[in-house]
Amino acid sequence: MTAALSATSANKTIDLGPAVELVSKEEGHRQPLAPEFVSAEDFSPLEVAYDFGRVRREDIEAGPRNIWRYKKLLPVPSTVEETPNTEPGCTRLVRADRLAKELGLKRVWVKDDTGNPTHSFKDRVVAVALAAAREFGFEVLACPSTGNLANATAAAAARAGWRSVVLIPKSLERAKILTTAVYDGDLIAVDGNYDDVNRLATELAAEHPKWAFVNVNVRPYYSEGSKTLAYEVAEQLGWRIPEQIVVPIASGSQLTKVDKGFRELGQLGLVDASPYQVFGAQATGCSPVSAAYRNGHDVVQPVKPDTIARSLAIGNPADGPYVLDVVNRTGGAIEDVTDEEVVEGIRLLARTEGIFTETAGGVTVATAKKLVETGKLDPDAETVLLITGDGLKTLDAVENHIGPKATVPPSAEAVAKALGY
């Protein structure tokens, strides 16, 4: 796979902006930029290393109203905004005072990523992956997915004029299946869970040298897209880092990259390098990282997922150990919540702030509540909650819990009676 693409790419210079090489997470082995995701030296994941040069706030602020305002901090071409893409990012940061009161926190902000093109944060990572895949000479955009990534990959490929191949567990929520299929790519349902689908994708990536599996063979570039959440939060707070942030955990990549984004901003002098704590949120029915944290382990034991929070249902999270590193280094914590608590988290956010989140957001809100109750979140510290997907994608999670207060004949008297007047 890599050899074929390297030969294709050898005839041109790869433009990935400030990205200069790949480095292994365990032992720091360095190698040239390529569509590879595991180090041949120590078999650990690869991530992108940079030479940023000088980056100024005013240059960022003058950029487009999407993630490409941060292109000098991402592994993307210098002309990335000139190619067809979904232009995600610059979603709202909502001051959530009513939610804060319910949770027992002084100040809460909700980073509402439901406003992205396919209504989840996955549009960010896919946009970066597509930009890198173009440079490496790929022709097909592909992924294994628990749902949101399927939407984002199919939409990004359609926008770019590429073919898409998307693999999903057949048990995926109906809404997420439909909101992927509508883009008319190749959507394949697999009889298995996400970990089965992911293994199949890895096999297919080796067999199809022109297929860019966004979270497999171009994963180092894809995962950098999550840093834009940290960049936006800091910029929207007036170029400062919040004291506490709660992040849902699926593979764990998002949490580690939010941390990386905050650290980069501090290193570049774009914000004061103030301390912050990172907290992780999982559903009890798929909580291998939470279990490892609770038991003081540095190894994450795989589990078989059984939760309504299907977008977080990764039983063998690739970045689990690195999540533990981040949480422990920053003095945070990891908690998990039951499916019942997830539903209540969805409803709590909706009734206090008018934001309808999918199950992953319910996990985040419910976990924040639990972290406050157990004394792990500081009630006086400024807190950001990441809400990463739209509730319209997971209606089945709440359909048996909500509905009309009453059904009445068409008369004012009947309405008054139903309302208790």
Side-chain angles (χ1 to χ4, degrees), residues 94 96 98-100 102-105 108 110-114 119-122 145-149 151 169 171-176 193-194 245-252 254-255 279-291 293-294 303-315 317 320 323 333-374 376-377 383-403:
V94 179
R98 296 186 69 235
L99 177 62
E102 290 271 355
L103 295 177
L105 293 168
V108 171
V110 170
K111 181 57 173 168
D112 180 14
D113 243 27
T114 67
H119 309 288
S120 89
F121 89 97
K122 290 295 188 180
S145 175
T146 58
N148 287 325
L149 182 57
N151 295 172
S171 61
L172 201 62
E173 297 98 334
R174 180 67 175 164
K176 288 182 178 176
N193 62 28
Y194 174 78
I245 187 165
V246 184
V247 185
I249 299 170
S251 72
Q254 182 186 68
L255 185 148
F279 295 83
Q282 290 204 291
T284 301
C286 185
S287 54
V289 189
S290 177
Y293 174 81
R294 184 166 53 250
V303 300
K304 184 175 181 180
D306 182 17
T307 174
I308 61 170
R310 294 188 184 97
S311 60
L312 303 183
I314 298 180
V323 167
I334 305 172
E335 272 289 3
D336 57 84
V337 289
T338 66
D339 284 355
E340 292 75 17
E341 291 172 309
V342 172
V343 172
E344 180 49 37
I346 293 171
R347 298 181 69 182
L348 176 60
L349 180 61
R351 72 173 176 263
T352 57
E353 301 299 338
I355 298 171
F356 183 23
T357 180
E358 67 160 8
T359 49
V363 170
T364 301
V365 173
T367 296
K369 183 174 184 291
K370 190 171 184 178
L371 288 167
V372 174
E373 292 170 348
T374 56
K376 294 171 184 174
L377 271 179
T383 305
V384 171
L385 308 182
L386 294 191
I387 301 302
T388 53
D390 196 314
L392 293 174
K393 297 185 177 195
T394 58
L395 291 172
D396 57 330
V398 296
E399 65 181 351
N400 294 325
H401 302 271
I402 57 176

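The chain is numbered in sequence order, starting from 1.
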| Gap separating the CG atom of Leu386 from the CG atom of Leu255, nearest 0.5 angstrom | 8.5 Å

| request: State whether the number of non-hydrogen atoms from other residues, nucleotides or ligands found under 6.0 Å of Asp396 atom CG is greater than 12. | output: yes

| message | Please find the pair of heavy atoms, one from Gly389 and one from Thr114, that lie closest to each other, and give the distance. | response | O-CG2, 3.3 Å

| message | Let me confirm one number: the OH-CG distance from Tyr194 to Leu312, rounded to the nearest 0.5 Å. | response | 12.0 Å

| message | Quick check on Arg294: does its CZ atom have over 12 non-hydrogen neighbours (other residues, nucleotides or ligands) under 6.0 Å away? | response | yes

| request: Decide whether Gln254 and Thr388 meet the rule of one side-chain donor and one side-chain acceptor closer than 3.5 Å. | output: no

| query | What heavy-atom pair brings Ile314 and Ser251 nearest, and what distance separates the two atoms? | reply | CD1-N, 3.6 Å

| note | Of all heavy-atom pairs linking Pro317 and Val289, the shortest is CG-CG2, 3.7 Å

| Just how far is it from atom CG of Asn148 to atom CG of Asp113, taken to the nearest 0.5 Å? | 10.5 Å

| task | Calculate, to the nearest 0.5 Å, the distance between atoms SG and CG belonging to Cys286 and Asp336 respectively. | result | 10.0 Å

| message | More than 12 heavy atoms of other residues, nucleotides or ligands under 6.0 Å from NZ of Lys369: yes or no? | response | no

| query | Can you tell which of Lys393, Lys176, His119 makes a side chain to side chain donor-acceptor pair (under 3.5 Å) with Glu358? | reply | Lys176

| field | Test: Arg98 and Glu102 ion pair at under 4.0 Å | value | no

| request: Report the residue from Thr357, Ile245, Leu99, Val247 that forms a side-chain contact (heavy atoms from CB on, under 4.5 Å) with Leu385. | output: Leu99

| query | Taking all non-hydrogen atoms of both residues, which atom of Val246 and which atom of Ala368 are closest, and how far apart? | reply | CG2-CB, 4.5 Å

| request: Calculate, to the nearest 0.5 Å, the distance between atoms CZ and CD belonging to Arg310 and Glu173 respectively. | output: 4.5 Å

| said: Measuring from atom CG of Leu172 to atom CG of Asn193, what distance do you get when rounded to the nearest 0.5 angstrom? | reply: 12.0 Å

| query | Looking only at heavy atoms, which two atoms of Val343 and Ala397 are closest? And how far apart? | reply | CG2-O, 3.5 Å

| Minimum heavy-atom distance Gly345-Val365, with the two atoms named | O-CG1, 3.7 Å

